[in-house]
Novice: 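Below is the structure I would like to discuss, written out as structure tokens.
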Amino acid sequence: MVTARAGSPGTIVVVEDDPHIADLVGLYLRADGFRVLLASDAVRGLELVGQERPRLVILDIGLPGPMDGLDACRQLRSASDVPVLILTARHDEIDRVLGLELGADDYVTKPFSPRELVARVKAILRRSTGSARAAPEILVVGGVEIDTGRREVRVDSQVVALATREFDLLAHLASHAGLALSRRQLLDGVWGPGWYGDDRTVDVHIRQLRKKLGDSLPLATVWGVGYRLG
Ligand code: CA
């Protein structure tokens with residue numbers, strides 16, 4: 001992780017082909033002190049992320065060229081755990097769900113208020129710094145080892161790659177092992193009380209954890225409540 005200059009909240013890469021939206025987002029983020037780098041296609045966006053190591057990426061799903069935002073999200077996730085906020089068309093639920101499954105941390109639907117976007121960005125950054133600051137410990141649940149210091153998950157000593165929010169959800173469940181937590185409690189605990197998303201977000205991430213960790217993860221669905229680990 002690259003530390004931002006003192007006094008600066010850091011760099012954000014915005015990948016958006018609509019110049020009006022890109023400029024507006026840039027304007028609001030810069031007003032909040034962020035350094036903003038714009039890319040109008042996914043290839044350039046990934047290049048910028050590789051060169052600049054931003055604190056966060058804002059990624060439009062509908063991008064021109066050979067690679068759309070979902071492809072870019074997939075590539076980002078295979079290479080880094082930089083938080084990703086996706087921009088999707090209002091009624092395109094498929095894109096939202098796919099984006100979250102690919103490891104995006106949050107989404108904003110167009111048209112959006114730039115203020116809301118900035119609030120979401122800050123919330124994501126607060127969460128990622130918060131978890132990095134927590135006292136490191138290693139939690140073991142079933143066959144899964146969760147190293148909160150290194151933000152690493154291991155099964156049979158092999159590291160399993162998880163998206164930022166998947167890791168946070170798993171760590172949250174593990175620190176409440178044996179307790180049934182409702183989707184609302186999980187949203188509040190992992191995404192933060194200011195998060196506007198719905199219960200499906202939790203289900204999508206749970207599905208990813210089950211897919212990636214398989215039988216090693218003793219995660220039960222508690223009917224009418226939510227989920228329980230261990
Ligand atoms: Ca677009």
Side-chain angles (χ1 to χ4, degrees), residues 9-128 163-166 187 191-192 194-198 200-205 207-208:
T11 299
I12 294 183
V13 168
V14 178
V15 191
E16 166 62 78
D17 60 306
D18 182 326
H20 300 293
I21 297 181
D23 286 348
L24 192 66
V25 168
L27 191 73
Y28 273 79
L29 288 171
R30 287 188 184 112
D32 256 274
F34 291 99
R35 175 171 170 252
V36 181
L37 302 170
L38 303 176
S40 57
D41 65 71
V43 175
R44 178 69 189 134
L46 290 176
E47 250 173 46
L48 275 179
V49 173
Q51 287 160 9
E52 301 284 339
R53 323 281 295 172
R55 284 192 69 199
L56 183 136
V57 179
I58 296 177
L59 183 61
D60 181 32
I61 294 300
L63 289 170
M67 200 191 285
D68 70 8
L70 291 174
D71 298 329
C73 191
R74 194 177 292 118
Q75 285 224 9
L76 274 176
R77 267 299 152 266
S78 66
S80 102
D81 66 352
V82 63
V84 177
L85 174 70
I86 53 175
L87 305 178
T88 68
R90 180 154 35 158
H91 296 298
D92 216 335
E93 200 197 349
I94 300 278
D95 277 354
R96 283 203 288 282
V97 171
L98 273 176
L100 294 174
E101 283 186 346
L102 289 174
D105 294 85
D106 201 354
Y107 62 82
V108 168
T109 53
K110 295 178 181 178
F112 53 84
S113 116
R115 282 178 204 286
E116 187 198 331
L117 181 83
V118 172
R120 296 286 189 103
V121 164
K122 287 180 173 172
I124 295 174
L125 291 177
R126 258 197 314 275
R127 288 196 304 260
S128 45
T164 316
R165 210 51 58 215
E166 290 163 13
L187 279 174
W191 280 264
W195 205 78
Y196 304 85
D198 56 35
R200 262 195 90 150
T201 304
V202 174
D203 296 338
V204 167
H205 285 77
R207 205 154 59 229
Q208 286 301 106

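For the numbers below, each heavy atom of this structure counts, side chains included, while hydrogens, waters and symmetry mates do not. Counting convention: from 1, in listed order, for ligands and their atoms alike. Source: prediction; values computed, not measured.
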Novice: So, 3.0 Å as the limit: is an N/O/S atom of Asp18 located closer than that to the Ca ion (ligand 1)?
Specialist: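 No - counting backbone and side chain alike, Asp18 has no N, O or S atom under 3.0 Å.
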Novice: Any Lys/Arg nitrogen of Asp71 or Arg74 sitting under 4.0 Å from an Asp/Glu carboxylate oxygen of the other?
Specialist: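 Yes, Asp71 and Arg74 are salt-bridged.
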Novice: Considering only NZ, NE, NH1 and NH2 on the basic side and carboxylate oxygens on the acidic side, decide whether Arg77 and Asp105 come within less than 4.0 Å.
Specialist: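 Judged by the 4.0 Å cut-off on N to carboxylate O distance, Arg77 and Asp105 do form a salt bridge.
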Novice: Are the side chain of Gln208 and the backbone N or O of Glu101 linked by a donor-acceptor pair below 3.5 Å?
Specialist: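 Indeed, once roles are kept as given, a pair shorter than 3.5 Å links the two residues.
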Novice: Are Lys110 and Asp18 ion-paired here, with the side-chain N under 4.0 Å from a carboxylate O?
Specialist: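 Looking at Asp18 together with Lys110, the answer is no, because their closest N to O distance does not fall below 4.0 Å.
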Novice: To make sure I understand the geometry: which N, O or S atom in Asp17 is closest to the Ca ion (ligand 1)?
Specialist: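 Closest to the Ca ion (ligand 1) among those atoms: OD1.
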Novice: Angle at the Ca ion (ligand 1), O of Gly62 to OD2 of Asp60, rounded to 10 degrees, please.
Specialist: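 It comes to 70°.
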